[in-house]
Visitor: 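One structure is given below, represented as structure tokens, and several questions about it will come after.
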Amino acid sequence: MEVLFLGKKLKNPTVLASGVLGSSFDSLQRVFDSGCGLVTMKSIGPGPRDGHKNPTVINLGHGMINAVGLPSPGFDNMDEEWAALEKRTFPLNASIYGGSVKEYQMVAESVSKRNPDFLEINISCPNSEQHGMIFGIDETSSFEVVSAVKKVIDVPLIAKLTPQAPDIGKIAKACEDAGADAICAVNTAGPGMVIDIESRMPVLAFKKGGLSGPMIRPIAVRCVYDIFRAVSIPIIGLGGITTGKDAVEMIMAGASLVGMGSAVLYRGMKVFDEVNSELSSWLGDHDTDIKDIIGAAHGKEGSK
Ligand SMILES: Cc1cc2nc3c(=O)[nH]c(=O)nc-3n(C[C@H](O)[C@H](O)[C@H](O)COP(=O)(O)O)c2cc1C
């Protein structure tokens with residue numbers, strides 16, 4: 001099910017979400033071989049960062065809570081990874097974060113020189129005190145960071161947004177006005193907390209964490225719906241997608257591509273192949289095409 005995204009041919013509309021399977025060539029190649037159309041690297045930061053102490057990820061059955069805390073070797077400590085990735089034959093989305101506009105610019109400029117196919121800026125991570133979140137909940141700072149990054153890169157820019165934004169449509173519009181080529185929504189929701197009632201303590205070492213997986217899907221679908229009404233650029237929709245029917249729903253909200261992160265835990269790496277064939281079967285059964293259902297939930301009035 002070949003699709004065109006920002007001028008690039010992808011073998012299908014599924015995307016590996018950032019942070020779930022790392023950044024190594026071997027791991028990303030395996031994801032691509034398992035049927036994924038576009039692979040996203042773990043977010044790369046301005047300097048070495050260990051992330052939070054364990055436990056950092058908990059499976060709640062209906063979704064996950066995580067406070068991984070953006071561990072990263074730092075953008076200038078990744079020569080080995082980039083050397084291996086240079087020989088790749090799969091489309092690559094590099095994700096970056098920073099603690100200030102200057103840091104975002106510095107990391108983006110350096111990463112863009114490694115020739116990823118797309119550069120995603122994570123302005124939405126809720127798991128770190130200093131990084132990210134602040135930009136994605138405010139229109140002015142979202143505009144500032146996107147326009148600053150846009151000036152120093154020469155690959156298409158994707159802005160990754162948080163569902164915590166009071167009006168995510170307005171944030172998406174600010175990113176589009178600042179030069180973003182696409183929107184990716186959503187990052188984890190929350191933050192949430194889980195308490196172990198026997199020890200009477202929060203289960204995550206960081207106490208609070210971002211929610212992902214099926215329990216956040218209705219939030220993600222609403223966000224993508226709001227973004228579709230606010231912008232004309234394409235949207236990568238993600239948050240809780242685990243089946244082909246979930247993908248259909250997200251596409252109907254307005255997504256052109258569908259991302260998956262937690263689903264890899266629930267269905268294994270084969271989830272990309274399976275969701276693709278489930279999506280194809282649904283489209284075949286309904287005698288329709290993916291292009292015809294993008295934004296279908298907006299009806300005639302909302303269609304573009
Ligand atoms: C363990 C874990 C690590 C994550 N790390 C990142 C990250 O480094 N950068 C980022 O933009 N999103 C990160 N995310 C968020 C995912 O990319 C995705 O937006 C979110 O999990 C919702 O999608 P899902 O419900 O399919 O998992 C992470 C999510 C999880 C569960």
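Only heavy atoms go into these numbers, but all of them, side chains included; no hydrogens, no water, no symmetry mates. Whatever order the structure lists ligands and atoms in, that order sets their numbers, starting from 1. We count residues from 1, following the sequence as given. Please read these numbers as outputs of a predicted model, since none were measured by experiment.
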Visitor: Any idea which of M215, M64, K42, M260 brings a heavy atom closest to atom 8 (O) of ligand 1?
Guide: K42

Visitor: Which of the numbered atoms in ligand 1 are below 4.0 angstrom from a heavy atom of S43?
Guide: 7 (C), 8 (O), 9 (N), 10 (C), 11 (O)

Visitor: Do we see a donor-acceptor contact under 3.5 Å between the side chains of S43 and S95?
Guide: yes

Visitor: Could you tell me whether the side chain of S110 and the main chain of M106 form a donor-acceptor pair under 3.5 Å?
Guide: no

Visitor: Do D26 and S24 have side-chain atoms, one donor and one acceptor, less than 3.5 Å apart?
Guide: no

Visitor: Once you restrict to heavy atoms under 4.0 Å, what part of V68 touches ligand 1? Side chain, backbone, both or neither.
Guide: side chain

Visitor: When you check the gap from the basic side-chain N to the acidic O, do D117 and R88 get nearer than 4.0 Å?
Guide: yes

Visitor: For the side chain of S277 and the backbone of E274, is there at least one donor-acceptor N/O pair under 3.5 Å apart?
Guide: yes

Visitor: Please confirm whether G240 comes under 4.0 Å of ligand 1, counting heavy atoms of the residue only.
Guide: yes

Visitor: Is the closest heavy atom of T56 to ligand 1 under 4.0 Å?
Guide: no

Visitor: Does any N/O atom on G259 come nearer than 3.5 Å to any N/O atom on ligand 1?
Guide: no

Visitor: Heavy atoms only: which of S124, P163, S18, S95 lies closest to atom 6 (C) of ligand 1?
Guide: S18

Visitor: I'd like to check the ring pair (Phe, Tyr, Trp, His ring centres under 6.0 Å) partners of F272; sequence neighbours left out, ordered by chain and number.
Guide: none

Visitor: Is there a polar contact, in the sense of an N or O pair closer than 3.5 Å, between L70 and ligand 1?
Guide: no

Visitor: Near G261, which atoms of ligand 1 are under 4.0 Å from a heavy atom of that residue?
Guide: 24 (P), 26 (O), 27 (O)

Visitor: Is there side-chain contact between I195 and V203, with at least one heavy-atom pair below 4.5 Å?
Guide: no

Visitor: How close do S23 and L28 get, counting heavy atoms only, and between which atoms?
Guide: O-CD1, 3.7 Å

Visitor: Whether K53 engages the ring of F206 as a cation-pi pair (distance to the six-membered ring centre under 6.0 angstrom, angle to the ring normal within 45°) should be assessed.
Guide: no

Visitor: Relative to atom 29 (C) of ligand 1, which among N66, L265, N59 owns the nearest non-hydrogen atom?
Guide: N66

Visitor: With a cut-off of 3.5 Å and sequence neighbours excluded, list every side-chain donor-acceptor pair involving residues 209-217.
Guide:
residue, atom, partner, partner atom, Å
S212, OG, S262, OG, 2.8
R217, NE, E249, OE1, 2.9
R217, NH1, D246, OD1, 3.3
R217, NH2, E249, OE1, 3.3

Visitor: Which of the atoms of ligand 1 are close to G239, meaning less than 4.0 Å from one of its heavy atoms?
Guide: 22 (C), 23 (O), 25 (O)

Visitor: Closer than 4.0 Å to some heavy atom of N122 - which atoms of ligand 1 meet that?
Guide: 9 (N), 10 (C), 11 (O)

Visitor: Please work out whether any backbone atom (N, CA, C, O) or any side-chain heavy atom from C-beta onward of K160 is under 4.0 Å from ligand 1, and answer side chain, backbone, both or neither.
Guide: side chain

Visitor: Using a 4.0 Å cut-off to any heavy atom of S262, which atoms of ligand 1 qualify?
Guide: 24 (P), 25 (O), 26 (O), 27 (O)

Visitor: Residue-level breakdown please: for T40 versus ligand 1, do any non-hydrogen atoms fall below 4.0 Å on the side chain, on the backbone, on both, or on neither?
Guide: neither

